[in-house]
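Written out below as structure tokens is the structure these notes cover.
Numbering of ligands and ligand atoms starts at 1, following listing order.
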Amino acid sequence: MKIAVLPGDGIGTEIMAEAVKVLKALDLTFEMEEALVGGAAYEAHGHPLPDSTLNLAKAADAVLFGAVGDWKYDKLDRPLRPEQAILGLRKHLGLFANFRPAICYEQLVGASSLKPELIAGLDILIIRELTGDIYFGQPRGRRTAVDGHFPGAEEAFDTMRYSRPEIERIAHVAFQAARKRNKKVTSVDKANVLETFQFWKDVVTEVHAQYPDVELDHMYVDNAAMQLVKAPKKFDVVVTGNMFGDILSDEAAMLTGSIGMLPSASLDKHNKGLYEPSHGSAPDIAGKGIANPLATILSAAMMLRFSLQQPEAADRIESAVRSVLAAGYRTGDIWSEGMKQVGTREMGDAVVAALITKTITKS
Ligand code: NAD
């Protein structure tokens, strides 16, 4: 099993060190090879995704990714900005399905801004299509308007589009994922206004005919945004397009209290994937040793389950994280009165200790 390890920028290097430590504590044999990506790669090679990094990612069975970006790169031409590395990896590796579980750990119920009864036991999965939609549709650009409300004025435009195969493959992914959970899919669209999403709704409904054991409902995106904060436990699997998924998955992430807890996976059609925390490089806390490494450690668990066919090892990591939380260990982002505040490295050490002993002393 070969893993490409791409720590990236900011807290990326700090949280990745902990995830690697946890992987090394398992009784499995991995080949892990590290490479630069994002701003760090731009500094060293003049590009955020150098060929050497891309080739390593292509050759590996899975990619474990930290985070990229720093405000100091905001003035660079767009193709050279650190975040372009993620888009490049998605494109070259054919990653079209983004999985973002939003799980509320019993011990962290108090960290959410919602009432405990609304989120206790929350376990939903947002599946976002990653390669189509208005983010990639052509043409796009700026021009002089020839019609509309202000002919002759400068305007900007993008193109929203989805093809049938793009919708079919993400719908299959969602129905298959739902079969392993509570067998319910909510497809989120804006079919009342957008032609693209009427088509989306029609195609998802057609694919559903192959999954009679799974319940399907459709919801407009504005209602979905409301329902996520009103009654999030009503959802099981949510499937949606690239832009709506971008927004709703961040909203769902915050339901659980901290973005520092949330892993994600982006998969290709063979379940090869890129695994990364849902958060960014957090330049505001980089280098301080206080970042929460659990999202990255849980991303490593997803990698073991989805791409490396090691479900028992994934379960072990997830249960080690639960016992560390039960023992009261907290990084600053999830800390509350009476808990033991720890830094990035101590949190990683605690997970390793829980993995090895299967229990951890209460603080
Ligand atoms: P961010 O997710 O980096 O940080 C948002 C807030 O959450 C900050 O206050 C940060 O300190 C906190 N935070 C994030 N992760 C944390 C963790 N593990 N532990 C504790 N606190 C944590 O988002 P941002 O500030 O909007 O962006 C910073 C940089 O990251 C930008 O350059 C942005 O483009 C980039 N970014 C990268 C990715 C990625 O690599 N996939 C995703 C989002 C943003």
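- Contact between A295 and ligand 1 is absent, with no heavy atom of the residue lying under 4.0 Å from the ligand.
- Considering only non-hydrogen atoms, atom 31 (C) of ligand 1 lies nearest to E83 out of K288, M347, E83.
- Contact annotation for T331 and ligand 1: no heavy atom of the residue comes within less than 4.0 Å of the ligand.
- The local environment of NZ in K269 is sparse, with at most 12 non-hydrogen atoms from other residues, nucleotides or ligands closer than 6.0 Å.
- The shortest N/O to N/O separation between G280 and ligand 1 falls below 3.5 Å.
- Judged by distance alone, the side chain of N242 and the main-chain N or O of I134 form no donor-acceptor pair under 3.5 Å.
- Closest heavy-atom contact between R90 and E276: NH2-OE2, 4.4 Å.
- For ligand 1, the atoms lying closer than 4.0 Å to a non-hydrogen atom of V68 are 30 (O), 35 (C), 36 (N), 37 (C), 40 (O).
- Cation-pi check for R179 over Y211 is not met; the charged atom does not lie both under 6.0 angstrom from the ring centroid and within 45 degrees of its normal.
- In this structure, atom 20 (C) of ligand 1 is in close contact with the protein, since a protein heavy atom lies within 4.0 Å of it.
- Looking at S307 and N271, their side chains never bring a donor and an acceptor atom within 3.5 Å of each other.
- The 12-atom threshold is not exceeded at CD of E106, counting heavy atoms of other residues, nucleotides or ligands nearer than 6.0 Å.
- Remark: minimum distance from atom 3 (O) of ligand 1 to any protein heavy atom is reached at A282 N, 2.8 Å.
- Looking only at protein heavy atoms, the nearest one to atom 39 (C) of ligand 1 is I86 CD1, 3.4 Å.
- Ligand 1 is never approached by I15 to a heavy-atom distance shorter than 4.0 Å.
- Residue contact check: G69 has heavy atoms under 4.0 Å from atoms 32 (O) of ligand 1.
- Between E276 and ligand 1, at least one N/O pair is under 3.5 Å apart.
- Y135 and D246 form a side-chain donor-acceptor contact under 3.5 Å, judged by distance and modelled atom types alone.
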- Message: Using the rule given for side-chain contact (heavy atoms from CB on, under 4.5 Å), can you reason through D250 versus M254, listing the C-alpha separation, both sets of side-chain angles and the distance that settles it, and then say yes or no?
- Response: CA-CA 6 Å; D250 267 16; M254 282 320 293; over 6 Å; no

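- Between the side chains of Y73 and E43, a donor-acceptor pair is found at a separation under 3.5 Å.
- Heavy atoms of P277 found under 4.0 angstrom from ligand 1: none, in either backbone or side chain.
- Less than 4.0 angstrom separates some heavy atom of A67 from each of these atoms of ligand 1: 40 (O).
- Classification of the F197-F244 ring pair by plane angle, with boundaries at 30° and 60°, yields tilted.
- Counting the atoms of ligand 1 from 1 in the order shown, those under 4.0 Å from a heavy atom of P283 are 28 (C), 29 (C).
- Annotation: atom 7 (O) of ligand 1 to nearest protein heavy atom, I259 CG2, 4.1 Å.
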- side-chain contact (heavy atoms from CB on, under 4.5 Å) between L298 and I103, worked out: CA-CA 11 Å; L298 292 166; I103 295 172; over 6 Å; no

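- Residue, atom and distance of the protein heavy atom nearest to atom 6 (C) of ligand 1 are D284 OD2, 4.9 Å.
- For atom 25 (O) of ligand 1, the nearest protein heavy atom (residue, atom name, distance) is W71 CZ2, 4.0 Å.
- Annotation: atom 17 (C) of ligand 1 to nearest protein heavy atom, N292 N, 3.7 Å.
- Distance from atom 15 (N) of ligand 1 to its nearest protein heavy atom, with residue and atom name: H279 CG, 3.1 Å.
- If you check each of S281, A291, P82, G332 against atom 29 (C) of ligand 1, the one with the closest non-hydrogen atom is S281.
- Atoms of ligand 1 lying under 4.0 Å from at least one heavy atom of D70, given by number and element, are 32 (O).
- By the 3.5 Å distance cut-off applied to N or O atoms, F65 is not counted among the residues near ligand 1.
- Proximity of R316 to D27: side-chain heavy atoms (C-beta onward) are separated by under 4.5 Å at one or more points.
- With no hydrogens or angles considered, no side-chain donor-acceptor pair links S264 and R128 at under 3.5 Å.
- Distance screen at 4.0 Å: atom 27 (O) of ligand 1 has no protein heavy-atom neighbour inside the cut-off.
- Evaluated by nearest non-hydrogen atom to atom 22 (C) of ligand 1, the leading choice among D9, L274, I285, T296 is I285.
- Tracing side-chain contacts under 4.5 Å through hydrophobic residues (I, L, V, M, F, W, Y), one reaches L294 starting from F99; they form part of the same cluster.
- Under the 4.0 angstrom criterion, atom 11 (O) of ligand 1 counts as having a protein heavy-atom contact.
- Side-chain contact check for T205 and H218: at least one donor-acceptor pair (N or O, by modelled atom type) lies under 3.5 Å.
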